[in-house]
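Throughout, protein chains are lettered first and strands after them, A, B, ... in sequence-line order, and every chain is numbered starting at 1. None of the values given here were measured: they were computed from a predicted structure.
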Amino acid sequence: MSDRKKLKKDCNISGKDCTEELIESLHAFRKNRAILINPDYLDDEKLPEDERSKVLKEIFNRNIREKQLSRIISHLTPILDNACPPSALIYGPTGSGKTVSLIHVLSTFCTFAQKRNIEFNYYYIDLTSPKSFFAALNEMAISLDATNRKYRKGIPVEYMQTKIINAISKMKGYLCFLIDEADNIKPNPDLFLTFIAKTLPRKVSCRLLYILITNRLDWEKTLDSRILSFFKKTDILFEPYDAMDLLEILKLRSEKALDQKKVDQAALHKISAYASQETGDARMAVELLSKAVRVGEETTGFLGVTEVDAAEKRLEVDKTTELINTLAVHQKLALQSCYYSLIKPDIKKVTTGQAYKNYQKLCDQRQNRALSQRRFCDMISFLDLYGLINARVISMGRYGKTREIISSLPEQIIEKFL
DNA sequence: CATCCACAGGAAAACGCGGTTG
DNA sequence: CAACCGCGTTTTCCTGTGGATG
């Protein structure tokens, strides 16, 4: 017993020492390789409010989105001459900086107008997650009255409406509502729009101005034309960022967040080029940057072009595995049945018939009914469309005409889902 | 050149399911 | 409560087809 105790004690001491050393050395090692100084600047969600707007100001001071900003501002300037501009509808793809630009413009416009003794206020209504009519009203009431976090369910809709009307009727001058993702009201967007466009202006004395943001170009067409005519609106389009804009944004982020000694400017160029080719989504560009930083910290302790390449690959892998995971059951089975024979080293292509046989076998194993070959055929074209397989129709002469299915995924992904 | 394979893919019928009406 | 719609999905049926092969 005493022996064992002693042994344990020894072990403990030596073990502790070892681990402590390990922690110390690893810590030093990691610190040495760290590129990231202030991670919050790579993630907008974590940035405190005032800090966020500071960053935004800096971005806009670099003449990014100048065209769009001037469009919005010239839309607003009639207010300075005591005229009320029409409502505006802002279009643009995700990550083109719609929300950010609008908030920036409105807040600066707000202070500018106040200096000239013009009463101007704006409220931001966030509908980024789908909302019902009631929830939209709720959101509106909250933005008007910051003290009240949330109104409970079960309150009649009319009550909410009068609540909002009461809140607004105390105000004077111009009142601007910035409604983000305005197309997100389900199931009856018309109701909400009728309320804000028709009912509200009649009940309150101040001048109302609506700015609706959406990323669906065709949204307008889904609306009732009668409501649409109440908004005598102007359209403003946000183009996606080009490579130069993205580069500026990335530069700013990297200056704030990263150790400049360890950052190669060429890497930023590469990221901006890649992101602008893809979608021009700024959020995606920043995400790629942070991914590249992570790669750099894990390997060389430096952010260069090679790290960006690696991050790109990793992003690609993440995207495809995510895509695969969101597939419907039978689609997943079809995909598996395609790769089932493709992973064998000597087989490079399969025909639809072979894949279908595999598919039937797989369905048998899992005891669910196999879909018809016709349906399978459609699923193959679907998978091809999404780039999960390569399938093209070829003719093998008298041996028939079929789709030739070839792998289009790197092996690590295939292994993962098989 | 005609033949004929093994499937592609269009059309229409059948099914499934939530919602509505008599 | 059954009958009936409406609409999306699935099955059934069918016609079409590129080119190796005899």
Side-chain angles (χ1 to χ4, degrees), chain A residues 127 129-137 153-154 156-158 181-195 214-228 319-409 413-414 417-418:
Chain A
L127 302 178
S129 51
K131 298 264 160 51
S132 64
F133 175 45
F134 178 81
L137 285 178
K153 270 186 180 177
V157 174
E158 289 86 49
E181 308 279 344
D183 53 325
N184 243 342
I185 305 167
K186 282 181 204 170
N188 38 11
D190 292 349
L191 229 54
F192 182 71
L193 293 175
T194 327
F195 174 67
T214 176
N215 47 28
R216 285 175 45 193
L217 274 166
D218 59 341
W219 182 53
E220 205 178 315
K221 286 172 200 145
T222 65
L223 290 178
D224 196 318
S225 54
R226 273 170 300 170
I227 296 165
L228 213 55
K319 266 200 306 205
T320 41
T321 44
E322 197 181 326
L323 180 63
I324 289 170
N325 285 331
T326 55
L327 287 178
V329 195
H330 280 281
Q331 292 169 338
K332 218 183 274 186
L333 283 173
L335 188 66
Q336 280 175 13
S337 67
C338 289
Y339 281 103
Y340 187 69
S341 12
L342 281 175
I343 44 166
K344 288 173 191 160
D346 47 336
I347 299 174
K348 297 184 298 300
K349 49 186 170 182
V350 280
T351 64
T352 315
Q354 291 162 346
Y356 186 62
K357 269 180 203 136
N358 287 338
Y359 167 73
Q360 281 177 317
K361 234 185 280 171
L362 271 174
C363 283
D364 264 7
Q365 280 170 28
R366 302 179 173 223
Q367 340 238 18
N368 43 9
R369 213 164 63 82
L371 296 173
S372 66
Q373 184 159 358
R374 179 69 246 274
R375 203 70 247 300
F376 186 76
C377 177
D378 280 350
M379 286 199 292
I380 294 295
S381 4
F382 175 86
L383 294 175
D384 177 55
L385 195 70
Y386 275 78
L388 296 173
I389 53 174
N390 259 321
R392 54 185 182 141
V393 263
I394 52 151
S395 174
M396 302 187 299
R398 80 175 326 174
Y399 301 111
K401 195 176 153 195
T402 179
R403 267 214 189 85
E404 174 188 58
I405 301 167
I406 322 171
S407 161
S408 69
L409 297 178
I413 297 180
I414 301 171
F417 77 83
L418 274 182

Handout entry: Neighbour count >12 (heavy atoms, 6.0 Å) for atom NZ, A:Lys332
Key = yes
Fill in the blank from the handout: The nucleotide from C:dG18, B:dG9, B:dC4 with an atom nearest the side chain of A:Arg374 is B:dG9
Handout entry: A:Lys401 to A:Tyr399 six-membered ring, cation-pi geometry met (6.0 Å, 45°)
Key = no
Practice task
Would you kindly give the CE-to-C1' distance between A:Met379 and B:dC7, to the nearest whole Å?
Solution key: 16 Å
Practice task
Using atom OH of A:Tyr359 as one end and atom C1' of B:dC7 as the other, report the distance to the nearest whole Å.
Solution key: 17 Å
Practice task
Mind calculating the distance between OH (A:Tyr399) and C1' (C:dG22) to the nearest angstrom?
Solution key: 10 Å
Exercise for the section: Going by the side chain to side chain contact (heavy atoms under 4.5 Å, CB included) test, name the single residue among A:Leu327, A:Asp378, A:Ile324 that passes it with A:Leu383. Expected result: A:Leu327
Handout entry: Sugar-phosphate only, base, or nothing, as touched by A:Ser372 at under 4.0 Å among non-hydrogen atoms
Key = base
Practice task
Rounded to the nearest angstrom, tell me the gap between atom CZ in A:Arg369 and atom C1' in B:dG16.
Solution key: 12 Å
Practice task
Give the nucleotide from the list B:dT3, B:dG9, C:dG18 with an atom nearest to the side chain of A:Arg398.
Solution key: B:dT3
Practice task
Return the value, rounded to whole Å, for the distance between atom CZ of A:Arg375 and atom C1' of B:dA14.
Solution key: 15 Å
Exercise for the section: Starting from P on B:dA6, measure out to CZ on A:Arg403 and report it in whole angstrom. Expected result: 18 Å
Handout entry: Rounded interatomic separation in angstrom, taking CD1 from A:Ile380 and C1' from B:dA8
Key = 12 Å
Completion exercise
Among the nucleotides B:dA8, B:dC7, C:dG19, whichever has the atom closest to the side chain of A:Ser395 is C:dG19
Practice task
Select one nucleotide: of C:dG18, C:dT10, C:dA20, the one nearest the side-chain heavy atoms of A:Leu371.
Solution key: C:dT10
Exercise for the section: Report, as yes or no, whether the 6.0 Å neighbourhood of atom OH on A:Tyr356 holds more than 12 heavy atoms from other residues, nucleotides or ligands. Expected result: yes
Handout entry: Atom-pair distance (CZ on A:Phe376; P on B:dG9), nearest Å
Key = 14 Å
